[in-house]
Enquirer: 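Once you've had a glance at the structure underneath, I'll fire off some questions.
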Amino acid sequence: MTGEVRCRFAPAPSGSLHVGNARTALFSWLWARHNGGAFILRVEDTDASRVTEEAFRGVLDDLRWLGLDWDEGPEVGGPHGPYRQSERRSIYQEAADRLLAEGSAYRCYCTPEELEVRNREAKERGDPPGYDGRCRTLRDDERVAFEREGRPSTVRFAMPQHAWVVHDLVKGEVGWGEGQLRDFVLLRSDGSPVFLLAVAVDDLAMGVTHVVRGDDLLASAPRNIAVIEALGGVAPAYGHLPQVVGRDRRPLSKRHGSTSVEAFREQGFVAEALVNYLALLGWSPGDDRELAPLPELTASFDLSRVSNNPAMFDVEKLTWMNNRYLQTMDDDDLAARCVHFLTESGLGVDPVVLRRAMPLVRERMKTLAEAPDLLRFLFTDDIEPNERARAVLAKAPDGYVRGAADALGALPSWDAASIASALDGLAEGAGLNRTKGWQPVRAAVTGSTVSPPLPESLELLGADRTLARLEAAA
RNA sequence: GGUCCCAUCGUCUAGAGGCCGAGGACACCACCCUCUCAAGGUGGAGACACGGGUUCGAAUCCCGUUGGGACUACCA
């Protein structure tokens with residue numbers, strides 16, 4: 001099959017995406033874009049019970065923030081809509097009816113209790129569990145009897161009982177022996193569609209050519225293919241990604257705490273870094289490149305180079321990468337991104353000062369969330385020296401801070417170079433080196449023993465505010 | 001239990017029979033730079049899970065073992 005490549009990402013609307021899902025979205029997007037194809041977003045909300053509008057929005061917001069745009073899907077529309085499965089009920093119903101009529105599916109009258117009992121018995125006998133296919137061969141009179149009884153029924157797919165081979169784009173050939181894939185439910189007894197029906201119908205209807213998803217779904221590939229083929233369609237190609245796992249080597253889940261895209265955003269990670277990091281989780285361009293922005297990733301991405309082993313999410317490396325991206329961002333951009341975190345900390349921001357402060361702090365920030373600590377002294381005059389700063393001040397020679405105020409106050413020009421030499425003169429006069437001589441000033445002015453480079457910081461702060469703080473400390 | 005997937009430094013990976021006495025990155029350690037903190041530079045330590053084959057030759061191919069994981073739902 002030639003023609004346009006069409007990839008889809010089909011998340012359940014579970015609120016903010018966890019980074020494993022985000023990586024799936026990214027790889028699917030990269031494959032679509034790499035091939036100049038379309039990226040489709042479809043929301044799998046057939047389990048209506050716990051779907052909220054907020055959870056739905058969370059997914060869209062995350063994708064947008066990451067820079068993964070979609071050509072078809074919620075809010076952008078497209079020729080194969082609607083793109084929320086909850087709005088496609090009639091389509092699934094129709095498909096199920098057709099499969100039923102054509103003998104690819106059948107009504108199953110087994111109750112959950114009966115299934116459970118038979119499953120348990122099979123296990124005890126040492127037989128593999130799973131649906132035993134009982135209703136597949138029901139005689140007409142038995143069927144009629146069940147109907148007359150008013151028994152509820154599900155619609156079950158009659159899985160063709162031959163061996164299956166899936167040519168997976170990342171795993172290679174994966175096979176299942178004859179009879180290993182059991183008949184599965186398509187429509188619940190309340191008439192609602194199950195995932196296995198919905199994906200098959202939608203992937204077919206939406207003209208999906210490549211399905212990129214987690215390898216927890218590998219075993220459902222032959223089932224997806226079978227349904228699509230029963231519907232008279234041609235199944236897409238599948239590429240199953242290894243799992244992203246947490247510190248404990250288990251697939252990422254709520255248990256791992258804050259692993260959502262939103263959580264990382266709130267912790268001051270930038271989308272560029274998260275995307276770059278995620279791209280390298282389970283994939284590499286084959287050379288030693290690590291820092292590669294989205295366009296570069298798109299150009300070199302190749303599903304066949306995706307690794308087969310689960311990848312542990314390493315916040316340390318993400319953090320390093322985040323810092324690298326902060327270092328290369330231009331001042332205006334970086335400043336704009338800091339604003340949220342500064343105001344969040346209750347600091348009133350002067351945009352001009354903020355912008356000018358960027359060169360001083362960019363390589364000192366691993367995340368944007370560190371901006372407030374680094375810049376607090378510029379945006380508030382409420383400086384309360386912390387413990388270490390107080391210790392430094394206490395150890396300073398008598399009158400040292402006063403002397404600093406005098407020396408700086410006498411400066412004809414308030415610029416970093418002049419400030420630096422004044423501070424040097426002061427230190428020298430007291431027989432101190434720079435390290436010892438500058439720290440008391442830093443402590444008095446910033447309230448901390450850690451700050452951006454001192455002369456530049458004081459220049460930015462301005463003479464008046466600097467002197468006032470020195471006076472106060474003296 | 002059955003079926004399937006997976007197995008290179010602590011972590012992410014390069015490696016598709018000889019170029020590997022295994023390369024890069026994060027983290028770690030040391031040193032350099034240095035006004036604090038970072039950033040940066042240089043160097044160091046650190047891995048082919050195990051056992052059998054195949055081959056002149058295996059991290060790379062095959063089999064087994066062990067260890068992880070997924071699936072085995074009227075979840076997705």
Side-chain angles (χ1 to χ4, degrees), chain A residues 10-12 14 44-47 49 85 108 110-112 115-116 119 122-131 152-156 166 168 171-172 174-177 180-182 184-192 194-196 198-199 213-220 240 242-243 245 247 249-251 277 280-291 305 307-321 323-324 327 361-366 370 373-374 388 392 420 423-424 427 433-439 441-443 446 448-455 457:
Chain A
S14 54
E44 312 225 316
D45 53 357
T46 50
D47 184 10
S49 58
Q85 292 188 332
C108 172
C110 301
T111 65
L115 293 173
E116 199 186 319
N119 247 324
K123 253 184 187 157
E124 278 159 13
R125 258 182 282 121
D127 292 339
Y131 186 64
S153 64
T154 60
V155 172
R156 234 177 238 283
V166 172
D168 191 85
K171 304 275 183 194
V174 185
W176 286 265
Q180 265 163 19
L181 273 359
R182 306 306 186 88
F184 50 90
V185 169
L186 255 23
L187 246 36
R188 300 184 183 98
S189 52
D190 66 0
S192 64
V194 162
F195 156 81
L196 285 166
V199 254
R213 52 160 41 162
D215 71 3
D216 51 326
L217 260 16
L218 182 55
S220 78
H240 289 92
Q243 302 283 329
V245 299
R247 280 224 154 279
R249 291 255 123 213
R250 320 209 54 161
Y277 175 71
L280 261 26
L281 254 199
W283 175 79
S284 93
D287 48 36
D288 289 338
R289 276 145 64 218
E290 300 241 310
L291 293 163
R305 285 195 54 83
S307 129
N308 315 53
N309 32 340
M312 186 194 280
F313 191 89
D314 180 9
V315 190
E316 302 264 12
K317 186 153 183 176
L318 204 215
T319 303
W320 165 79
M321 199 169 268
N323 172 267
R324 294 301 306 248
Q327 287 194 53
V361 298
R362 61 173 356 121
E363 73 241 19
R364 275 166 249 270
M365 277 193 288
K366 294 194 185 305
E370 291 167 24
D373 274 352
L374 253 13
R388 307 181 71 135
V392 166
L423 290 174
D424 278 341
N433 61 19
R434 268 190 174 181
T435 303
K436 296 273 186 203
W438 290 22
Q439 278 303 74
V441 177
R442 188 190 311 276
T446 70
S448 168
T449 53
V450 175
S451 84
L454 195 56
S457 295

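By convention in this document, chain letters (A, B, ...) are assigned in the order of the sequence lines, proteins followed by strands, and residues within each chain are numbered from 1.
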Enquirer: Across the strands shown, which category fits A:Pro11 at heavy-atom distances under 4.0 angstrom: base, sugar-phosphate, nothing?
Expert: nothing
Enquirer: Tell me the interatomic distance from A:Tyr277, atom OH, to B:A27, atom C1', rounded to whole angstroms.
Expert: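 So the two atoms are 12 Å apart, to the nearest Å.
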Enquirer: Considering every strand and a 4.0 Å limit on heavy-atom distances, what is the contact class for A:Ser284: base, sugar-phosphate, or nothing?
Expert: sugar-phosphate
Enquirer: Provide the distance between the two C1' atoms, one in B:G2 and one in B:G44, to the nearest whole Å.
Expert: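 It comes out at 49 Å once rounded to the nearest Å.
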Enquirer: Regarding A:Pro242, tell me which of base, sugar-phosphate or nothing describes its non-hydrogen contacts under 4.0 Å with the strands shown.
Expert: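 It contacts nothing in the nucleic acid.
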Enquirer: When you measure only distances, ignoring hydrogens and angles, does the side chain of A:Gln180 come within 3.5 Å of the base of B:G2 through a donor and an acceptor?
Expert: no
Enquirer: Rounding to an integer number of angstrom, what distance separates B:A58 and B:G52 when you compare their C1' atoms?
Expert: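 Those two atoms are separated by 14 Å.
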Enquirer: Any side-chain N or O of A:Arg289 less than 4.0 Å from the OP1 or OP2 oxygen of B:G24?
Expert: no
Enquirer: Who does B:C75 pair with, Watson-Crick or G-U, both distances under 3.5 Å?
Expert: none
Enquirer: Heavy atoms from C-beta onward define the side chain here; which of B:G69, B:A25, B:C35 lies closest to that of A:Trp320?
Expert: B:A25
Enquirer: Between atom CD in A:Glu290 and atom C1' in B:C12, what is the gap in whole Å?
Expert: 8 Å
Enquirer: Base, sugar-phosphate alone, or nothing: which one does A:Lys436 contact when heavy atoms must sit under 4.0 Å apart?
Expert: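 The residue A:Lys436 makes no contact with any strand.
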Enquirer: By nearest heavy atom, map A:Gln243 and A:Leu218 onto RNA chain B; which one lands nearer the 5' end?
Expert: A:Leu218
Enquirer: Contact class for A:Leu454 vs. all strands (heavy atom < 4.0 Å): base, sugar-phosphate, or nothing?
Expert: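 If one applies the 4.0 Å heavy-atom cut-off, A:Leu454 turns out to touch a base.
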Enquirer: So do the side chains of A:Tyr131 and A:Val185 get within less than 4.5 Å of each other, counting heavy atoms only?
Expert: no
Enquirer: B:U11 C1' sits how many Å from A:Lys317 NZ, rounded?
Expert: 8 Å
Enquirer: Is it true that A:Gln439 and A:Arg442 share a donor-acceptor pair across their side chains at a distance under 3.5 Å?
Expert: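 There is such a pair (donor and acceptor under 3.5 Å, judged by atom type) between the side chains of A:Arg442 and A:Gln439.
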Enquirer: Taking any strand in view, what nucleotide pairs with B:G57 in a Watson-Crick or G-U wobble way, both distances under 3.5 Å?
Expert: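 B:G57 is paired with nothing.
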Enquirer: Once you apply the 3.5 Å cut-off to both distances, tell me the Watson-Crick or G-U wobble partner of B:C33, or none.
Expert: none
Enquirer: Classify A:Gly175 by what it touches in the nucleic acid, base, sugar-phosphate, or nothing, heavy-atom distance under 4.0 Å.
Expert: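 Sugar-phosphate: the residue A:Gly175, judged by heavy atoms under 4.0 Å, touches backbone atoms but no base.
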Enquirer: Distance criterion of 3.5 Å, no angle test: do you see the side chain of A:Arg442 paired donor-to-acceptor with the base of B:C35?
Expert: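 Yes, a donor-acceptor pair under 3.5 Å.
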Enquirer: Under 4.0 Å between any heavy atoms, over every strand shown, what does A:Glu316 touch: base, sugar-phosphate, or nothing? Just pick one.
Expert: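 The residue A:Glu316 makes sugar-phosphate contact but no base contact.
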Enquirer: Would you find more than 12 non-hydrogen atoms of other residues, nucleotides or ligands less than 6.0 Å from A:Arg388 atom CZ?
Expert: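 Check fails, neighbour count at 12 or below.
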Enquirer: Regarding A:Asn323 and A:Glu363, do their side chains bring together a donor and an acceptor under 3.5 Å, going by distance alone?
Expert: no
Enquirer: Using whole Å, report how far CG of A:Leu181 lies from C1' of B:C71.
Expert: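 Whole-Å distance recorded here is 10 Å.
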Enquirer: Say we look at B:U34 and B:G10: how far apart would their C1' atoms be, to the nearest angstrom?
Expert: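 It works out to 31 Å between them.
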Enquirer: Should A:Arg188 be listed as having a side-chain N or O under 4.0 Å from OP1 or OP2 of B:C74?
Expert: no
Enquirer: Would you mind telling me which of B:C35, B:U36, B:C5 lies closest to the side-chain atoms of A:Arg364?
Expert: B:U36
Enquirer: Measuring only the C1' atom in each nucleotide, how far is B:C48 from B:C6? A whole number of Å is fine.
Expert: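 Between the two C1' atoms, the distance is 15 Å.
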Enquirer: In whole angstrom, what separates A:Glu363's CD from B:U36's P?
Expert: 14 Å
Enquirer: Using a 4.0 Å heavy-atom cut-off across all strands, classify A:Arg324 as base, sugar-phosphate, or nothing.
Expert: sugar-phosphate
Enquirer: Assign A:Leu217 to base, sugar-phosphate, or nothing according to its heavy-atom contacts below 4.0 angstrom with the strands shown.
Expert: base
Enquirer: Do the side-chain N or O atoms of A:Lys366 get closer than 4.0 angstrom to the phosphate oxygens (OP1, OP2) of B:C37?
Expert: no
Enquirer: Restricting to non-hydrogen atoms, name the atom on A:Ala311 and the atom on A:Gly282 that form the minimum distance, rounded to 0.1 Å.
Expert: CB-N, 4.4 Å
Enquirer: B:U72 phosphate, OP1 or OP2: any side-chain N/O from A:Asn119 under 4.0 angstrom?
Expert: no
Enquirer: Which part of the nucleic acid, if any, lies within reach of A:Asp373 when heavy atoms closer than 4.0 Å are counted: base, sugar-phosphate only, or nothing?
Expert: nothing
Enquirer: In whole Å, what separates the C1' atom of B:G17 from that of B:G69?
Expert: 30 Å
Enquirer: With a non-hydrogen cut-off below 4.0 angstrom, is A:Gly282 in contact with a base, only sugar-phosphate, or nothing?
Expert: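 Sugar-phosphate only.
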Enquirer: Under 4.0 Å between a side-chain N or O of A:Arg249 and OP1 or OP2 of B:A7?
Expert: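 Negative; the distance criterion is not met.
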Enquirer: What nucleic acid atoms does A:Arg305 come within less than 4.0 Å of, heavy atoms only: base, sugar-phosphate, or nothing?
Expert: sugar-phosphate
Enquirer: Pick the C1' atom in B:C9 and in B:G23, then give their distance to the nearest Å.
Expert: 12 Å
Enquirer: On RNA chain B, does the nearest nucleotide to A:Asp314 precede the nearest nucleotide to A:Asn308 from the 5' side, or the other way round? Give the residue.
Expert: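 Per heavy-atom nearest nucleotide, the more 5' residue is A:Asn308.
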Enquirer: With a 3.5 Å cut-off and no angle check, do the side chains of A:Gln85 and A:Glu44 form a donor-acceptor pair?
Expert: yes
Enquirer: Rounded to whole angstrom, note down the C1' distance from B:A45 over to B:A22.
Expert: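 Roughly 16 Å separates the two C1' atoms.
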Enquirer: State the CH2-CG distance between A:Trp438 and A:Asp424, to the nearest 0.5 angstrom.
Expert: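 It is 5.0 Å, given to the nearest 0.5 Å.
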Enquirer: So do A:Leu280 and A:Pro285 actually touch side chain to side chain, heavy atoms under 4.5 Å?
Expert: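 Counting from C-beta outward, A:Pro285 and A:Leu280 do come under 4.5 Å.
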Enquirer: Counting only Watson-Crick pairs (N1-N3 plus N6-O4 or O6-N4) and G-U wobbles (N1-O2, O6-N3), all under 3.5 Å, who is the partner of B:A70?
Expert: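 For B:A70, the partner nucleotide comes out as B:U3, under the 3.5 Å rule.
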Enquirer: Does B:U36 have OP1 or OP2 under 4.0 Å away from a side-chain N or O of A:Thr435?
Expert: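 True: A:Thr435 side-chain N/O within range (under 4.0 Å) of B:U36 OP1/OP2.
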Enquirer: Calculate the interatomic distance between A:Arg434 atom CZ and B:U34 atom P; express it in whole Å.
Expert: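 Going from CZ in A:Arg434 over to P in B:U34 covers 10 Å.
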Enquirer: Once you round it to whole Å, what is the distance between P of B:G68 and CE of A:Met312?
Expert: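 Rounded to the whole Å, the gap is 14 Å.
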Enquirer: Verify the contact: side-chain N or O of A:Asn309 to OP1 or OP2 of B:U8, cut-off strictly under 4.0 Å; return yes or no.
Expert: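 Yes.
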Enquirer: Write down the partner of B:A25 under the Watson-Crick or G-U wobble criteria, each distance required to be under 3.5 Å.
Expert: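 Base partner found: B:U11.
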Enquirer: Any base atoms under 4.0 Å from A:Arg182, or only sugar-phosphate, or nothing? Heavy atoms, all strands.
Expert: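 Answer is nothing: A:Arg182 stays at 4.0 Å or more from every strand.
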Enquirer: If you count every heavy atom of other residues, nucleotides or ligands that lies below 6.0 Å from A:Glu116 atom CD, does the total exceed 12?
Expert: no
Enquirer: Choosing from B:G24, B:U36, B:C12, which nucleotide comes nearest the side chain of A:Asp288?
Expert: B:G24
Enquirer: With both distances under 3.5 Å as the test, what is the Watson-Crick or G-U wobble partner of B:A49?
Expert: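 B:A49 is paired, partner B:U65.
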Enquirer: Give A:Pro310 one of three labels, base, sugar-phosphate or nothing, depending on what nucleic acid heavy atoms sit under 4.0 Å from its own.
Expert: sugar-phosphate
Enquirer: With rounding to whole Å, what would you report as the distance between B:A7 and B:C74 at their C1' atoms?
Expert: 37 Å
Enquirer: So what's B:G17 paired with, Watson-Crick or G-U wobble, going by both distances under 3.5 Å?
Expert: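 WC or wobble partner does not exist here.
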Enquirer: Please confirm whether the shortest side-chain N or O distance from A:Trp438 to OP1 or OP2 of B:C35 is below 4.0 Å.
Expert: no
Enquirer: Determine whether A:Glu316 and A:Trp320 satisfy the following criterion, side chain to side chain contact (heavy atoms under 4.5 Å, CB included), listing intermediate values before the conclusion.
Expert: CA-CA 6 Å; A:Glu316 302 264 12; A:Trp320 165 79; over 6 Å; no
Enquirer: Measure from CZ on A:Phe184 to C1' on B:A73 and round the result to the nearest Å.
Expert: 13 Å
